[in-house]
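Note that ligands are numbered from 1 as they come in the structure, with each ligand's atoms numbered from 1 the same way.
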Amino acid sequence: MKKLIVCALLAAVLAAVPAFAKKAYVNGIDPDYPPFAYMDEKTGKPAGFDVDSMNWIAKTMGFEVVHKPMAWDGIIPALLAKQIDMVDSGMSITPERAKVVQFSNPYWTVSRVFVVPADSKLTPADILSKKIQLGVQRGTSEANDIKKEQEEKKYPFELRFYESSPLAVEDLLNGRIQAALMDELPANNAIENGRAVKKAGTHGEPDNFGVAMRKDDKELQKLVNEGYKKLMADPYWKELQQKYLSK
Ligand code: ARG
């Protein structure tokens, strides 16, 4: 009995000492990027493929993780300012970002697609050659790339910037824009959720998603890379794909 009390006391003391407590990391997420990260309507909690992946990795690798919803546009500045420690939220690995942050190994690949209203006749070639309004999410790899491409090739469309891709879809439906460019899975998600839109075709090269971290955070990078390796070898990885990505 005495032994038990001593053990419990010791455990309590150790847990209170930072060096023995589990390390806690903050993952910054875009709360409006289904199926990768979003706020679950029923529970009000962060959910999605990336959120569940990182929860599993944290449990397996022995750290704590909290998911902090924030504006996508400011997510890398927030990471550099240490308001968050990582971004596991459908972030594409790009050379521009890799100058300021380090990435994990890629864990997923997605195509970029043009989304148009379900009754639209616009083809990708039309979108690039007509004076239409094209919506993109602010601060995304696709927004930066299409802007550059437009400058080089003098495309006549007008770019409109949105806080999230679901907001671009809303403006497609009410006719404020005629097309939007986004990753394929959020596009699928909008279609599955009954939005009257369709994919008009892909554009450019596919994106690789990775977890962004501060460059000096080698310890976290190791945890994340090892964690994803373990996750991908576990049946839970397939389960997650079926739950979030397969439809
Ligand atoms: N793949 C694009 C990017 O990395 C779009 C990602 C948007 N992701 C998000 N969670 N909002 O910029």
Nitrogen or oxygen contacts under 3.5 Å, ligand 1 side and protein side:
from     : atom 1 : to     : atom 2 : distance (Å)
ligand 1 : 1 (N)  : Ser92  : OG     : 2.6
ligand 1 : 1 (N)  : Asp183 : OD2    : 2.8
ligand 1 : 4 (O)  : Ser92  : N      : 2.7
ligand 1 : 4 (O)  : Ser92  : OG     : 3.1
ligand 1 : 4 (O)  : Arg97  : NH1    : 2.8
ligand 1 : 8 (N)  : Gly90  : O      : 3.4
ligand 1 : 10 (N) : Ser89  : O      : 2.7
ligand 1 : 10 (N) : Ser89  : OG     : 3.3
ligand 1 : 11 (N) : Asp30  : OD2    : 2.4
ligand 1 : 11 (N) : Gln137 : OE1    : 3.3
ligand 1 : 11 (N) : Gln137 : NE2    : 3.3
ligand 1 : 12 (O) : Arg97  : NH1    : 3.4
ligand 1 : 12 (O) : Arg97  : NH2    : 2.8
ligand 1 : 12 (O) : Ser141 : N      : 2.8

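In this structure Phe103 satisfies the ring-ring contact (aromatic ring centres under 6.0 Å, His included) test with no other residue, sequence neighbours excluded. For Phe209, the ring-ring contact (aromatic ring centres under 6.0 Å, His included) partners at least two apart in sequence or on another chain are Phe36. Residues forming a ring-ring contact (aromatic ring centres under 6.0 Å, His included) with Phe114 (at least two apart in sequence, or on another chain): His203.
By the 6.0 Å contact criterion, CD on Glu205 is open, its count of non-hydrogen atoms from other residues, nucleotides or ligands being 12 or less.
Side-chain rings of Trp237 and Phe49 approach one another, their centers coming within less than 6.0 Å.
No donor-acceptor contact under 3.5 angstrom links the side chains of Asp171 and Gln133, judged on distance only.
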